[in-house]
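Numbers restart at 1 for each chain; the letters A, B, ... are given by sequence-line order, proteins then strands.
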Protein chains: 2
Amino acid sequence: MLRVSKLTDYATAVMTCLASAGDGVTSAQALAERARLELPTVSKLLKQLAQAGLVASTRGINGGYRLARAPERITIADIVTAMEGPIGMTECSAHAGLCDHEPHCGVRVNWQRINQAIANALANVTLADMLHVPRQRASIPVRVAVT
Amino acid sequence: MLRVSKLTDYATAVMTCLASAGDGVTSAQALAERARLELPTVSKLLKQLAQAGLVASTRGINGGYRLARAPERITIADIVTAMEGPIGMTECSAHAGLCDHEPHCGVRVNWQRINQAIANALANVTLADMLHVPRQRASIPVRVAVT
DNA sequence: GATAAATAGTACTATTTCAGTCCTGATTTG
DNA sequence: CAAATCAGGACTGAAATAGTACTATTTATC
């Protein structure tokens, strides 16, 4: 149903917790409790987020994670990409050359444009935005133009 | 990777073929050949599209399918919804009440806003648009505002 | 009215993906 | 050195997906 995976969903929740936690490091354990998720699951996705460079980790006792950048500079698109790979609605728009139909597929270029629109929509919402419950109207002006 | 299913992808291709076929009915067989897909697959998705009211079918010999509305009035969002159900990036944003975390989930409202942005992006591209190879710039002004 | 062509509906299966868990190793603090 | 914590990989059960097959129904033509 055109959805992101649960892991990605959890990842946004955990990242939001991290953003609200401030500057110090927070352990995976503490994040799991705050997000009400299982520790192994949280560990797994934090590892992925760390590899993608969205969070920085500190090992050892009193270790934990913190955001690698300011919440204003981390977007939903970053998180989705970290968890699921490149954003592409169709196989051929994410990776060229895999589809037999490419030579006679007039639809492909248009899908790429749609992808772009969606990627822009995701890139226009930052972690900082997620911290706020939206105001009545127009608090996050997402403006996407396919050009 | 945030993608639509292959069936949905095929559906857009088949719908595009139908749009370019003009007013008469076109058989599933002919559509399969033009889209270079297997007949059973095309039949299956045409049935779904018919149930969703996007195509009209004529039975019997010389039967086939035609668009139920003008291509300008059928959007990618219509096709995606017909094939995959309601557009929702996360479980909780498509169906309320299923998620244990809802009471303490500050992320949910924001996901709903993102969904809306994406739904708008898909709703702003019509079948008629898909028929054209995009011009150099600004041929499909998709403008999405989360308000 | 019989026949052929085409859609309608249902069921089934193999494959793939996803979610979740567990285990072992590496690192740091005390 | 011991405890706490992250890193990396492997594994498994469940679910979704894709594709196929079969039967019933409808309609035009002869």
Side-chain angles (χ1 to χ4, degrees), chain A residues 1-11 13-14 18 24-33 35-66 68 80 82-85 89-91 94 98-101, chain B residues 1-11 13-14 18 24-33 35-66 68 80 83-85 88-91 94 98-101:
Chain A
M1 305 195 190
L2 183 60
R3 65 179 38 152
V4 297
S5 71
K6 279 191 188 177
L7 266 303
T8 305
D9 190 6
Y10 296 163
V14 169
L18 261 183
V25 301
T26 310
S27 71
Q29 177 74 56
L31 287 169
E33 284 167 13
R36 284 161 173 94
L37 298 169
E38 297 301 318
L39 173 59
T41 302
V42 172
S43 296
K44 183 178 183 176
L45 61 90
L46 279 169
K47 281 176 228 168
Q48 268 187 268
L49 293 169
Q51 286 182 327
L54 297 183
V55 300
S57 62
T58 309
R59 285 194 178 189
I61 195 170
N62 294 331
Y65 295 92
R66 67 179 196 287
V80 171
M83 300 302 295
E84 315 198 355
M89 300 285 286
T90 56
E91 192 67 41
L98 292 181
C99 173
D100 296 341
H101 306 124
Chain B
M1 304 196 190
L2 184 59
R3 66 179 35 154
V4 297
S5 71
K6 279 191 188 176
L7 265 305
T8 305
D9 189 6
Y10 296 163
V14 168
L18 261 184
V25 301
T26 310
S27 71
Q29 176 74 55
L31 286 170
E33 284 167 13
R36 282 157 175 97
L37 299 169
E38 297 300 320
L39 174 59
T41 303
V42 171
S43 298
K44 184 179 183 174
L45 61 89
L46 279 169
K47 279 176 232 169
Q48 267 188 267
L49 293 169
Q51 284 182 326
L54 296 182
V55 300
S57 62
T58 308
R59 284 194 175 191
I61 193 169
N62 294 331
Y65 294 90
R66 65 177 197 286
V80 171
M83 300 302 293
E84 314 198 355
M89 300 286 285
T90 57
E91 192 68 41
L98 293 181
C99 173
D100 295 340
H101 307 124

A.B. asks: What are the two closest non-hydrogen atoms of A:Arg66 and A:Gly24, and how far apart are they?
C.D. replies: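 So the two residues come closest at CB-O, 3.9 Å.
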A.B. asks: Expressed in angstrom and rounded to an integer, what is the separation of B:Gln48 atom CD from C:dT7 atom P?
C.D. replies: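 After rounding, the gap between these two atoms is 16 Å.
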A.B. asks: Please give, in whole Å, the distance from C:dA19 P to A:Tyr10 OH?
C.D. replies: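 Result: 8 Å.
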A.B. asks: Is there any protein nitrogen or oxygen under 3.5 Å from a nitrogen or oxygen in nucleotides 5-9 of chain D, and what are the pairs?
C.D. replies:
residue: D:dT5; atom: O4'; partner: A:Gly60; partner atom: O; Å: 3.3
residue: D:dC6; atom: OP1; partner: A:Ala28; partner atom: N; Å: 3.0
residue: D:dC6; atom: O3'; partner: A:Ser57; partner atom: OG; Å: 3.3
residue: D:dA7; atom: OP1; partner: A:Ser57; partner atom: OG; Å: 2.5
residue: D:dA7; atom: OP2; partner: A:Tyr65; partner atom: OH; Å: 2.6
residue: D:dA7; atom: O4'; partner: A:Arg59; partner atom: NH2; Å: 2.7
residue: D:dG8; atom: OP2; partner: A:Gln51; partner atom: NE2; Å: 3.4
residue: D:dG8; atom: N7; partner: A:Lys47; partner atom: NZ; Å: 2.9
residue: D:dG8; atom: O6; partner: A:Lys47; partner atom: NZ; Å: 3.2

A.B. asks: Heavy atoms only: give me the nearest B:Val14-B:Ala35 pair and the separation to one decimal.
C.D. replies: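 Nearest pair, atom of B:Val14 first, then B:Ala35: CG2-CB, 4.3 Å.
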A.B. asks: Check whether any side-chain N or O of A:Glu84 sits under 3.5 Å from a backbone N or O of A:Ser5 as a donor-acceptor pair, and report yes or no.
C.D. replies: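 Side chain of A:Glu84 to backbone of A:Ser5, a donor-acceptor pair under 3.5 Å: yes, one is there.
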A.B. asks: Nearest whole angstrom, please: distance from the C1' of C:dT17 to the CG of B:Leu7.
C.D. replies: 16 Å
A.B. asks: What is the minimum heavy-atom distance between A:Leu39 and A:Ala32, and which atoms define it?
C.D. replies: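 Here A:Leu39 and A:Ala32 meet closest at CA-CB, 3.9 Å.
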A.B. asks: When the distance from CG of B:Leu45 to P of C:dT10 is rounded to whole Å, what number comes out?
C.D. replies: 17 Å
A.B. asks: Could you tell me which non-hydrogen atom of A:Ala82 sits nearest to which non-hydrogen atom of A:Leu54, and how far apart they are?
C.D. replies: CB-CD1, 3.8 Å
A.B. asks: For A:Leu37 and C:dG20, give me the distance from atom CG to atom P, rounded to whole Å.
C.D. replies: 9 Å
A.B. asks: Closest heavy-atom contact between A:Val55 and A:Tyr65?
C.D. replies: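 Distance-wise, the nearest heavy atoms are CG2-CD2, 3.8 Å.
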A.B. asks: Figure out the CG/C1' separation between B:Leu31 and C:dA5, and round it to whole Å.
C.D. replies: 16 Å
